[in-house]
Amino acid sequence: MKSSILLIYTGGTIGMMEDPTTGSLVPFDFEHLQDNVPELRRFNFQIDSVSFDEPIDSSDITIASWQRIAQIIEVNYEHYEGFVILHGTDTMAYSSSALSFMLENLGKPVIFTGSQLPIGRLRTDGKENLITAVEIASAKQNDVSIIQEVCIYFQSQLFRGNRTHKYSTENFDAFECANMDALAEVGIHIEYKPEILFRSSGKFRVKSEMDNNVAVLKIYPGMSQQVVSGILGVKGLRAVVLETYGSGNAFTNSWFLAMLENAIKNDLLVLNITQCDKGFVDQGLYETSTSLQKIGVIGGADMTSEAAITKLMFLLGQPLATSEVKQMLHQSLRGELTSYPTL
Ligand code: ASP
């Protein structure tokens, strides 16, 4: 059977044009984008498209935008072999992480892509990104989709969406995936790495409820008590992503530990991830993380900040008991963390 692919256009630089009065890049409509990539017509399968009513710069992405994307995929799931989402690069790693959690038991490719230069520019990186993303979304082996997860394709590399981070505003290879290999390297051939591709079993379903009562507390030397208490005291807050140093270390001031302990006793979930790009949180390795472990801070292994925030939003949006949420934070739900034997 021939593939058919659905392109979902949300906005981002790939489809932007310069506003003639201000000179700033603003989102443009999808027809403009298609006109600039006539090569799409040369695929020998059908490519349909759907666009957000108002394409946006991805800095304006919200939970409602993720729910909209999830809904489009849900409604069209049986009709298409794969989905390509055109999205701005700024929050692409958040969106691909969020969608990875919302789409349970995904059996088809969902590939995010975009570009650093608008598609109308001569040196655009958007054409190659879009064309290869479509090719990956349609790739099958023995009639089965090779990719069955949410990914980001950018500049010759296919990354797991919930492992990826935008690291460059300048380079065409804007993304990195520091804690695992690329799922595929693209050169003359597309070399997939079957041993690390994510697989799930069970019926596909969309769980798009999220709870945004989540905050990030990034520690830094000289941080004041007022700042910590301000964040921990936010009304209705249910979880905090604690961004620590190195392998999960934080300052050991008694006021800091007491504030955290008190918040945890009052049912706040505190998830410890590292500020480093590569490596993982190993609470107890240094004395400066042992106390965090003791007061009930949860080790977030090697999750990216984007994955940690959206995983918490996702889990808190589900009808789960706190003990279940805690347990799932340790587990890999969609390949978002490595379960090291030491953890
Ligand atoms: N500000 C743009 C966006 O994220 C940047 C891009 O697309 O690369 O929508």
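Just so you know, ligand 1 is whichever comes first in the structure, and atom 1 is the first atom listed for that ligand. Note that the structure is a prediction, hence the values are computed from the model and not measured.
- Interatomic distance, CE of M102 versus CE of M313, reported as 9.5 Å (0.5 Å rounding).
- Between S115 and ligand 1, an N or O atom pair is found at a separation short of 3.5 Å.
- Within the listing of ligand 1, atoms 2 (C), 5 (C), 6 (C), 7 (O), 8 (O) sit less than 4.0 angstrom from a heavy atom of T13.
- Within the 4.5 Å cutoff, the side chain of Y153 has heavy atoms near those of the N129 side chain.
- Side chains of Q283 and N272: a donor-acceptor N/O pair is present below 3.5 angstrom, by distance only.
- In the vicinity of G12, heavy-atom distances shorter than 4.0 Å reach the ligand 1 atoms 7 (O), 9 (O).
- Atoms OH and OH, on Y245 and Y286 in that order, are 15.0 Å from each other to the nearest 0.5 Å.
- Residue contacts with ligand 1: H87 is placed with no nitrogen or oxygen under 3.5 Å of a nitrogen or oxygen of the ligand (distance criterion only).
- Remark: minimum distance from atom 8 (O) of ligand 1 to any protein heavy atom is reached at T89 OG1, 2.4 Å.
- Of the N or O atoms in S58, one or more lie within a sub-3.5 Å distance of an N or O in ligand 1.
- Between the side chains of T244 and N249, no donor N or O sits under 3.5 Å from an acceptor N or O.
- Checked by distance only, ligand 1 and D90 come closer than 3.5 Å through their nitrogen or oxygen atoms.
- The side chain to side chain donor-acceptor pair (under 3.5 Å) test with E336 singles out one residue from K311, R163, R160, and that residue is K311.
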